[in-house]
Structure formats: structure tokens, C-alpha cells
Student: 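Mind looking over this structure? Questions follow.
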Amino acid sequence: MERPRNPEHGDYATNVAMQVAKRVGTNPRELAGWLAEALSATDGIEVADVAGPGFLNIRLAASAQGAIVAQILAAGEKFGTGSALAGTKINLEFVSANPTGPVHLGGTRWASVGDALGRILAAQGGEVTREYYFNDHGAQIDRFAKSLVAAALGEPTPEDGYAGEYIQEISATIVAAHPDALALPADQRHELFRREGVQQMFAQIKQDLHDFGTDFDVYFNESELFASGAVERAVEELKNSGNLYEKDGAWWIASTEFGDDKDRVVLKSDGNAAYIAGDIAYFQNKRARGFDLAIYMLGADHHGYIGRLKAAAAAFGDDPDTVEVLIGQMVNLVRDGQAVKMSKRAGTVVTLNDLVEAIGVDASRYSLVRSSVNSSIDIDLGLWTKAGNENPVYYVQYAHARTCRIMDNAKAFEFDSVAPDFALLNSDREGDLIRTLGDFPRVVATAAETREPHRVARYLEELAGVYHPFQSDDDMRVLPKGDDTVTPLNAARLELVKATRQVLANGLALLGVSAPERM
């Protein structure tokens, strides 16, 4: 079923007769005729016509359209929810930025998209656990610690180290708390700056994400996998299964046998675990915690993880479909057509706080979630700060504020004494608005199924685009004029406005964006 662009083709259209006629043993147009006859005799359908080689065009009765309004108001905040994922335990891992610096723009995109996806999956009944994989182990952390020590000693940033004001700030804080830090032996000094630096950096990351409206249920430390022996156990299990083999002094997982593009080193020739060893143990840990589905949201440079994580699942005898990897593309900030310069505090990257400072939390979240993660996006700072219809988040939020204003003004009239007659909502504008509202559950279900939260954002813009002309049309007047009394049509239109407000609020809530009552 779809809504045709040309309203002359009805409220809904379908090519189902053309799809199944052969299986039924007849031709499409004849099957469409039978379906049209049956549908035309169905309550709530005004007429069903056959078009072309077997298309069905369907027009709803006005009373049936009005029933959609009543359903929305009865469901309230629950309208748009479903049960497709009921009983499914989902581990949703996103952001997981290394605690070596502030959350950069790519991580900020995941903070917005990942949080929205979690809300959408939960709206379809999924038991969602939002998880942050805290990488406190490995070479990057060592480089971070060395950078902090160098800053404390007044030395240049080490090669491949981290620069920026935040390094100076953290380093100074550590020295202030531990006056003897620089007098310690080099290994002890390094460990102190590593431990304290990671703790401070991660506390700042958590706070920044919280202020952005993104919180997590679980913060999982990578170091636990090594300290608990989980990595060693995973490696031994793969050896025993024959899916790990030795070559050139290293141990390799035979991931090409499970669809990966190449085999991967798990244990290096020096005996140290490669990065994938932790990933393998981490997947095992998620499954041991009872998750039916593990969704990983990773950056643009992580395409190789799709094959290796699915291969790791298969190597353990698991279903590769228990792993899903979403890859997010780059984000750029522009102003007046020019790229925005890098952040001074972070040194080399634009951060979450840079974006929020420029356009605010709501615009930041919305601008990052309204496009498919498969495409790179340019965020025009001038556009997203405008209080006008060309600003998508303003356009949607303003529609919500306009509905609230009408509802507030309606308090001056005696609407409670008049029953709405939904059958009177028979104009093209009213019908288009009602049908758009009725699409919301399907949009949410599709967004969950495809893991594409941007579908909800684009739907809200479509809904706002239908509502604004409705409210601006003098022929669609909701409130009585002057001393006129409230009519059943006025009452029905007010219910339609209330339903629009509810759907706009529900959709914005799924995106983690506020629904202001005044603008």
C-alpha cells in the first residue's frame, strides 16, 4: 500500500493484484476487479477502482479517516509503537570514543543517531541496552599518557601524540593533585598520568554526552576482557575448534572460511594479542549476557569490521546475523560555504561541544539524524541557527508550537459541550493531514527494521509541511469567529490539531529532540 502523489488516484493505491495474479491463476486486472468489489463493500471504504493493467485505487470514507484521529488521541504517547521486536534483547553499542580526547564530530553523529535508534527499537518492543565500549587498553592510551607527561614537563608533544588545550588542562590538574608526580620514576609517572588522565577524560566524555541528551546503560571497560582472562579463553576456544591456525609464529583466525575478505592475526608473533582478540572476546561476552542481537555503530574507517565480526561469530558456531555493523560517514561543518576551522581546545578535530556551542543541542541532534548514515553530510551553521522554515528542526518544532497555541486559545470556548463529528473532516486538506498522521506507525516500524532513524525526521518534516498550510487556510478555521458558538466541525478540527500535536511530540521524542510549546 502507498499514498499516491496525485490525489485523483485516491487516498491509497496498491499493485498487489499484479504481484499475485499468476499464483491465483488469473490475470491482474480481473483479480483487481474482484478485490475492488470486495473492498467497496467494506465499512470505512468509500470506493475502490481498478486502473491500468491492475492497479487498485482506494478512497476512504470520511468517517473512517476520523477514526484515525480518535485512535491517535486514545493511544497518546504510545501511538507509533509496535511489537515487532518484543522479546528481542538488543545490545546497541555506539560512540565508544577512545578516552584520549573530547568526542569528535563523527562520534557526535553516533551519539545522535545511536540514541535515536535505541529509542526506535524500544518503541517496537525491543529490550535495548545502550552500551559504551570504554577503550582503556592499548597503544593509543599509552600515547595519551605520554602526551600528558610531556605537557607537564614542558616538552613538545610526542610523535603521534595528542595536542590541544585539553591536554594542558588535564596535565595541570594531575600535577596539582599530585605535587610529587614529576619526581616519580618514569614508569610510575607514566602509570599515574595514564590512570588519572583516562579517568578525567572519560568523566568529561560522559558529562558531554549527558548534556547532549545521550546516556548509556552500560560502560564496558576493554581492560576487563584481558584482566578476567576472557581474551585467553576465547583464543583457546578458537584453537580447539580448529578455526585458529599458526603461521609465521602468529595465530590467525580462518575468517575467510566464514565470508571475510582475508584471515586476521589474533595473536602476534611476539605473543601479544592483536586488536581483534579483544573484539572476539567482547562479542562472546555480549552473547553470554543473553543478547540476541549485537549492533555495532562504527566510523567510516571501520568497514573491515563487518566481515571480521560476522566471521568471528560464525567461528564460534554462532549465527552471523546476530551481528550487525552500521558504518557512519563523515560530518563537516561549513559556514558561508567554507569549512569551519578546527577546534582550538581539541587541537585537531571539531568536537561535540563545538557543534552544540554553534547551533544548540536540538539543532545538533536533528541535523545529524535527518540523513542516512551511509552519506557524508555538511552542516551549514548559518542554516541551522535560523528561525525560519528553511531550518528543518525549526520548521518541525514550530508546527508543534502552533498546535499548542491553538489548543491553548481553545480554552476560551466551550468545546467540552460539543461532540466532534469526524465525518465532517472531508476536505482535501483535512484528509491529507489525517492520512499523513496515520502513516506514523508504519514509518517508525520501517525505521526500526532498516535501522534508519532519519526516516522519522523526514516524516516529521512531511507532516509539518502538511500541517502548516492547514492551519494557515482560512477555510480550515478551528476556533469559532467572534461570538459564534462551537460547532461539531470546530470540535472535530480541534481534535485533529490535538492528534497532530501528539504525533509531532512522539516523533521528536524518538529523536531525542524537544517539542516546545512556544517559539
Student: Can you name the closest pair of heavy atoms from N389 and Y394 and give their distance?
Tutor: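 Smallest interatomic distance, heavy atoms only, reads N-CD2, 4.3 Å.
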Student: Scan I205, V218, V198 and name whichever one has a side-chain contact (heavy atoms from CB on, under 4.5 Å) with F134.
Tutor: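 With F134 as partner, I205, V218, V198 yield a single side-chain contact (heavy atoms from CB on, under 4.5 Å), made by V198.
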Student: What distance do N135 atom CG and F202 atom CZ have between them, rounded to the nearest 0.5 Å?
Tutor: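 Spacing of CG (N135) from CZ (F202) equals 10.5 Å.
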Student: Check G114 against L92 and note the closest heavy-atom contact, atom names and distance.
Tutor: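 Looking at all heavy atoms of both residues, the shortest contact is O-CD2, 3.4 Å.
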Student: Does any non-hydrogen side-chain atom of T351 lie less than 4.5 Å from one of L105?
Tutor: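 Not in contact.
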Student: Taking only residues two or more places apart in sequence or in another chain, which ones pass salt bridge (Lys or Arg N to Asp or Glu O under 4.0 Å) with E452?
Tutor: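 Salt bridge (Lys or Arg N to Asp or Glu O under 4.0 Å) list for E452, sorted by chain: R455.
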Student: Measuring from L298:CG to Y305:OH, what's the distance to the nearest 0.5 Å?
Tutor: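 It comes to 7.5 Å.
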Student: Looking only at side chains, do E430 and S427 share a donor and an acceptor under 3.5 Å apart?
Tutor: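 Judged by distance alone, the side chains do pair up.
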Student: Can you list every salt bridge (charged side-chain N to carboxylate O under 4.0 Å, His left out) pair that touches residues 112-128, not counting sequence neighbours?
Tutor: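 Every salt bridge (charged side-chain N to carboxylate O under 4.0 Å, His left out) pair that includes a residue of residues 112-128, provided the two are not neighbours, is D115-R119, D115-R130, D115-R365.
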Student: Does some side-chain heavy atom of D11 sit less than 4.5 Å from a side-chain heavy atom of I58?
Tutor: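 Not touching, per the 4.5 Å side-chain cut-off.
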Student: List the residues meeting side chain to side chain donor-acceptor pair (under 3.5 Å) with S514, not counting sequence neighbours, and say none if there are none.
Tutor: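 For S514, the residues satisfying side chain to side chain donor-acceptor pair (under 3.5 Å) (neighbours in sequence not counted) are D362, Q397.
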Student: Using side-chain contact (heavy atoms from CB on, under 4.5 Å), reason through H210 and T214 one step at a time and then give a plain yes or no.
Tutor: CA-CA 5 Å; H210 174 75; T214 299; over 6 Å; no
Student: Output yes when D439 and R442 qualify as a salt bridge under the 4.0 Å nitrogen-oxygen rule, no when they do not.
Tutor: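 The answer is yes: the pair qualifies as a salt bridge.
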Student: Backbone N or O of A457 within a donor-acceptor pair of the Y366 side chain at under 3.5 Å?
Tutor: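 Looks like yes, one N/O pair under 3.5 Å.
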Student: Between L352 and L209, does the side-chain contact (heavy atoms from CB on, under 4.5 Å) criterion hold? Intermediate values first, please.
Tutor: CA-CA 8 Å; L352 182 157; L209 289 170; 3.9 Å; yes
Student: With a cut-off of 3.5 Å and sequence neighbours excluded, list every side-chain donor-acceptor pair involving residues 322-334.
Tutor:
residue	atom	partner	partner atom	Å
T322	OG1	D319	O	2.7
E324	OE1	R451	NE	2.9
E324	OE2	R451	NH2	2.8
N332	ND2	D378	OD1	3.1

Student: Who pairs with K386 by salt bridge (Lys or Arg N to Asp or Glu O under 4.0 Å), at least two apart in sequence or on another chain?
Tutor: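 In terms of salt bridge (Lys or Arg N to Asp or Glu O under 4.0 Å), with neighbours along the sequence ignored, K386 is linked to E390.
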Student: Taking the six-membered ring for Trp, are the ring centroids of Y219 and Y133 within less than 6.0 Å of each other?
Tutor: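 Judged by ring-centre distance (under 6.0 Å), Y219 and Y133 do not meet the cut-off.
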Student: Going by ring-ring contact (aromatic ring centres under 6.0 Å, His included), name the pairs with one or both residues in residues 84-117, residues two or more places apart or in two chains.
Tutor: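 Qualifying pairs: F94-F216.
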Student: In sequence, state the C-alpha distance, the side-chain angles, and the governing distance for R289 and E131, and then conclude on salt bridge (Lys or Arg N to Asp or Glu O under 4.0 Å).
Tutor: CA-CA 13 Å; R289 282 185 277 154; E131 187 151 317; 2.8 Å; yes
Student: Could you give the distance from NE2 (H400) to CG (L463), rounded to the nearest 0.5 Å?
Tutor: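 With rounding to 0.5 Å, NE2 (H400) is 11.0 Å from CG (L463).
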Student: Show the nearest heavy-atom pair for residues P453 and V369, with the distance to one decimal.
Tutor: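 Looks like CB-CG2, 3.8 Å.
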Student: Tell me yes or no: between the side chains of N57 and H9, is some donor less than 3.5 Å from an acceptor?
Tutor: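 Per modelled atom types, N57 and H9 side chains form no pair under 3.5 Å.
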Student: With sequence neighbours left out, write down each residue that passes salt bridge (Lys or Arg N to Asp or Glu O under 4.0 Å) with D318, or none if nothing qualifies.
Tutor: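 Result, salt bridge (Lys or Arg N to Asp or Glu O under 4.0 Å) vs D318: R287.
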Student: A side-chain contact here means heavy atoms from C-beta on lying under 4.5 Å apart; do L355 and V350 qualify?
Tutor: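 Sidechains of V350 and L355: no contact.
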Student: Got a second to check how far E169's CD is from Q204's CD, nearest 0.5 Å?
Tutor: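 These two atoms lie 9.0 Å from each other.
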Student: Could you check I295 against L121 for side-chain contact (heavy atoms from CB on, under 4.5 Å), going step by step and ending with a plain yes or no?
Tutor: CA-CA 11 Å; I295 300 178; L121 295 174; 4.0 Å; yes
Student: Please give me the minimum heavy-atom distance between Y132 and A97, naming the atom from each residue.
Tutor: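 Heavy atoms of Y132 and A97 come nearest at OH-O, 2.6 Å.
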Student: List the steps and the verdict of salt bridge (Lys or Arg N to Asp or Glu O under 4.0 Å) for K411 and D408.
Tutor: CA-CA 6 Å; K411 295 176 183 177; D408 191 51; 3.4 Å; yes
Student: Give, for atom CG of L433 and atom CD of Q65, the distance between the pair rounded to the nearest 0.5 Å.
Tutor: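 If I round to the nearest 0.5 Å, the distance is 10.0 Å.
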Student: Take the angle between the ring planes of H468 and Y395 and call it parallel below 30°, perpendicular above 60°, tilted in between.
Tutor: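 Aromatic pair H468/Y395 classed tilted.
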Student: Which residues pass the ring pair (Phe, Tyr, Trp, His ring centres under 6.0 Å) test with Y12, not counting sequence neighbours?
Tutor: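 For Y12 there are no ring pair (Phe, Tyr, Trp, His ring centres under 6.0 Å) partners, ignoring immediate neighbours.
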Student: Tell me, which pairs form a salt bridge (charged side-chain N to carboxylate O under 4.0 Å, His left out) where one or both residues lie in residues 84-103, sequence neighbours left out?
Tutor: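 Checked against salt bridge (charged side-chain N to carboxylate O under 4.0 Å, His left out) - neighbours excluded - the pairs reaching residues 84-103 are E93-K286.
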Student: Which pairs of donor and acceptor atoms, one on a side chain in residues 47-55, lie under 3.5 Å apart (sequence neighbours left out)?
Tutor:
none

Student: Do the non-hydrogen side-chain atoms of M297 and V113 ever get within less than 4.5 Å of each other?
Tutor: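 Result yes, sub-4.5 Å side-chain heavy-atom pair found.
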Student: Compute whether any side-chain donor of one residue and acceptor of the other, for N15 and Q19, lie under 3.5 angstrom apart.
Tutor: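 Note: N15 and Q19 side chains meet the donor-acceptor criterion.
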Student: Taking E462 first and then R3, would you say they form a salt bridge - that is, a charged N and a carboxylate O separated by under 4.0 Å?
Tutor: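 R3 and E462: salt-bridged.
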Student: Check whether any side-chain heavy atom of I72 lies under 4.5 Å from a side-chain heavy atom of F440, and answer yes or no.
Tutor: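 No, every pair of side-chain atoms sits at 4.5 Å or beyond.
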Student: Tell me which donor-acceptor pairs under 3.5 Å the side chains of residues 415-422 have, and how far apart each pair is, sequence neighbours excluded?
Tutor:
residue	atom	partner	partner atom	Å
S417	OG	E414	O	3.0
D421	OD1	A423	N	3.1

Student: A399 and A464: which non-hydrogen atoms are nearest, and at how many Å?
Tutor: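 Where A399 meets A464 most closely, the heavy atoms are CB-CB, 3.9 Å.
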Student: Just checking, is any N or O donor in the side chain of T487 or N490 under 3.5 Å from an acceptor N or O on the other one?
Tutor: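 Yes, a side-chain donor-acceptor pair sits under 3.5 Å.
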Student: Tell me the closest heavy-atom pair linking S367 and I379, and the distance in Å.
Tutor: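 Scanning both residues, the minimum pair turns out to be OG-CD1, 3.5 Å.
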Student: Should E517 and R405 be marked as a salt bridge (Lys or Arg N to Asp or Glu O under 4.0 Å) after you check the CA-CA gap, both sets of side-chain angles, and the distance that decides it?
Tutor: CA-CA 7 Å; E517 296 184 3; R405 183 177 181 181; over 6 Å; no
Student: If you measure only the distance, is there a donor-acceptor pair under 3.5 Å linking the side chains of Y166 and Q200?
Tutor: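 There is no such pair (donor and acceptor under 3.5 Å, judged by atom type) between the side chains of Y166 and Q200.
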Student: Other residues, nucleotides and ligands only: do more than 12 of their heavy atoms fall within 6.0 Å of CG on D43?
Tutor: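 No, because the 6.0 Å sphere around CG of D43 holds 12 heavy atoms or fewer from other groups.
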Student: Kindly compute the distance separating CD1 (I359) from CG (L381), expressed to the nearest 0.5 Å.
Tutor: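 The CG atom of L381 is 6.5 Å from CD1 of I359, to the nearest 0.5 Å.
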Student: Above 12 or not: heavy atoms from other molecules or residues under 6.0 Å from CD of E37?
Tutor: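 Open.
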Student: Given V361 and D211, is the side-chain contact (heavy atoms from CB on, under 4.5 Å) satisfied, shown in steps?
Tutor: CA-CA 8 Å; V361 171; D211 294 342; over 6 Å; no
Student: Which residues pass the side chain to side chain donor-acceptor pair (under 3.5 Å) test with Q502, not counting sequence neighbours?
Tutor: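 Side chain to side chain donor-acceptor pair (under 3.5 Å) list for Q502, sorted by chain: N506.
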Student: Has the side chain of S83 got a donor or acceptor atom that lies under 3.5 Å from a matching backbone atom of A86?
Tutor: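 No: the side chain of S83 does not pair with the backbone of A86.
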Student: Using a 4.5 Å cut-off on heavy atoms from C-beta on, say whether the side chain of T129 contacts that of I90.
Tutor: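 No, too far: nothing below the 4.5 Å cut-off.
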